[in-house]
Amino acid sequence: MISVSLSNSIDWEKFEFVGSPRVERRLSDLCGCFADEAAYGEALSHGDPLIYSVSSQAPADGAGQLHYGLGMIAPGRVGREYYLTKGHLHAWREAAEVYLGLAGEGFMLLEEEATGESRLLQLGKDRVVYVPGGTAHRTVNTGADPLVYIGVYPAGAGHDYGTIAEKNFRQVVTDRGGRPVAVDRAEY
Ligand code: PAN
Ligand code: ZN
């Protein structure tokens with residue numbers, strides 16, 4: 001007998017799967033994520049807006065099963081740096097992930113843990129990004145509307161936020177003359 005939840009619908013007003021609440025990340029939750037600390041402090045002094053949310057689905061656990069999450073990043077910037085997710089590695093390093101863009105415009109910043117190599121890949125409506133195992137990933141909204149996507153990953157992937165929290169990504173996704181570019185953190 002099939003006992004897991006097999007389908008879902010998206011509530012486009014709340015940006016969540018119907019029946020499963022979302023986790024919210026506000027500006028104050030993102031201490032240490034943005035490169036420009038003065039701009040971060042200045043932004044916080046004006047309020048604590050919602051930066052992104054994730055509504056997760058874990059239909060089944062165990063080998064071979066998948067989990068997935070609906071992400072929404074609000075449009076906006078701190079200084080010249082676009083609103084972003086904390087970013088993470090999977091605790092089970094081999095675990096890969098597929099991101100399916102549903103709405104909006106943005107990018108994924110990938111950083112291979114073993115080599116430090118960075119890649120900036122477009123994510124938005126009708127774009128799909130594959131995140132290999134052993135690769136830290138962060139998502140940024142570079143558009144004027146919410147960036148909405150689904151990430152699908154192995155049930156046992158787990159999330160390691162600590163490694164990124166310690167040293168952050170090597171690159172920063174920033175606005176240069178109205179266009180998004182990735183620059184080395186040291187140069188920012
Ligand atoms: C995504 C992320 C989502 C939020 O579902 O969890 O984009 O980003 P952070 O987890 O870095 O806050 C995913 O990659 N799951 O594995
Ligand atoms: Zn992930």
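Below, all heavy atoms of this structure are taken into account, side chains as well, without hydrogens, waters or symmetry copies. One-based numbering, in listed order, for ligands and for the atoms of each.
- Taking every non-hydrogen atom of Tyr149 and a distance limit under 4.0 Å, the qualifying atoms of ligand 1 come out as 3 (C), 7 (O).
- Ligand 1 is approached by Tyr52 to a heavy-atom distance shorter than 4.0 Å.
- Distances below 4.0 Å separate heavy atoms of His159 from the following atoms of ligand 1: 15 (N), 16 (O).
- Residues His159 and Tyr153 place their aromatic rings such that the two centres sit under 6.0 Å apart.
- The atom of Glu97 that is an N, O or S and sits closest to the Zn ion (ligand 2) is OE1.
- Near Val54, the atoms of ligand 1 lying under 4.0 angstrom from a non-hydrogen atom of the residue are 3 (C), 4 (C).
- Taking a 4.0 Å cut-off on heavy atoms, Gly87 registers as neighbouring ligand 1.
- Closest to atom 5 (O) of ligand 1 among all protein heavy atoms lies Glu97 OE2, 4.0 Å.
- Residue contacts with ligand 1 for Arg138 are absent, since no atom lies close enough (heavy atoms, distance under 4.0 Å).
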Please list, one pair per line, the donor and acceptor atoms closer than 3.5 Å that link side chains of residues 114-122 to other protein atoms, with sequence neighbours excluded.
from   : atom 1 : to     : atom 2 : distance (Å)
Thr115 : OG1    : Glu112 : OE1    : 2.5
Thr115 : OG1    : Glu117 : N      : 3.1

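- Atoms of ligand 1 lying under 4.0 Å from any heavy atom of Tyr161, numbered from 1 in the order shown and given with element: 9 (P), 10 (O), 11 (O), 12 (O).
- Looking at residues two or more places apart in sequence or on another chain, you find no ring-ring contact (aromatic ring centres under 6.0 Å, His included) involving His67.
- At least one N, O or S atom of His88, from either the backbone or the side chain, sits less than 2.8 Å from the Zn ion (ligand 2).
- If you number the atoms of ligand 1 from 1 as listed, the ones under 4.0 Å from a heavy atom of His90 come out as 16 (O).
- Heavy-atom contacts of His137 reach the following atoms of ligand 1: 14 (O) (cutoff under 4.0 Å).
- Here the heavy atom of the protein found nearest to atom 8 (O) of ligand 1 is Thr85 CB, 3.5 Å.
- Short contacts between ligand 1 and Tyr99, defined as distances under 4.0 Å to a heavy atom of the residue, involve ligand atoms 1 (C), 2 (C), 7 (O), 13 (C), 14 (O).
- Without hydrogens or angle criteria, His137 side chain to Leu110 main chain gives no donor-acceptor distance under 3.5 Å.
- For the 3.5 Å distance criterion, the side chains of Glu105 and Asn141 fail to qualify, holding no donor opposite an acceptor.
- Salt-bridge formation is detected for the pair Asp160/Arg93: a Lys NZ or Arg NE/NH1/NH2 atom is positioned less than 4.0 Å from an Asp or Glu carboxylate oxygen.
- Between the Asp48 side chain and the Ser28 main chain, a donor and an acceptor come within less than 3.5 Å of each other.
- The heavy-atom pair separating Tyr83 from Ala74 by the smallest distance is CD2-O, 3.4 Å.
- At the Zn ion (ligand 2), the vertex angle linking NE2 of His90 with NE2 of His137 is 100° (nearest 10 degrees).
- Distances shorter than 4.0 angstrom do not occur between any heavy atom of His67 and any atom of ligand 1.
- Across the listed options His88, Met72, Arg25, His88 owns the non-hydrogen atom lying nearest to atom 2 (C) of ligand 1.
- For ligand 1, the polar-atom distance check finds no N/O of Tyr153 at less than 3.5 Å from any of the ligand's N/O atoms.
- Contact between Phe107 and Pro180 at its shortest, heavy atoms only, is CE1-CG, 3.6 Å.
- For Asn168 (side chain) and Cys33 (main-chain N/O), a donor-acceptor pair under 3.5 Å exists by modelled atom type.
- Remark: the Glu111 side chain and the Thr135 side chain contain no N/O donor-acceptor pair separated by less than 3.5 Å.
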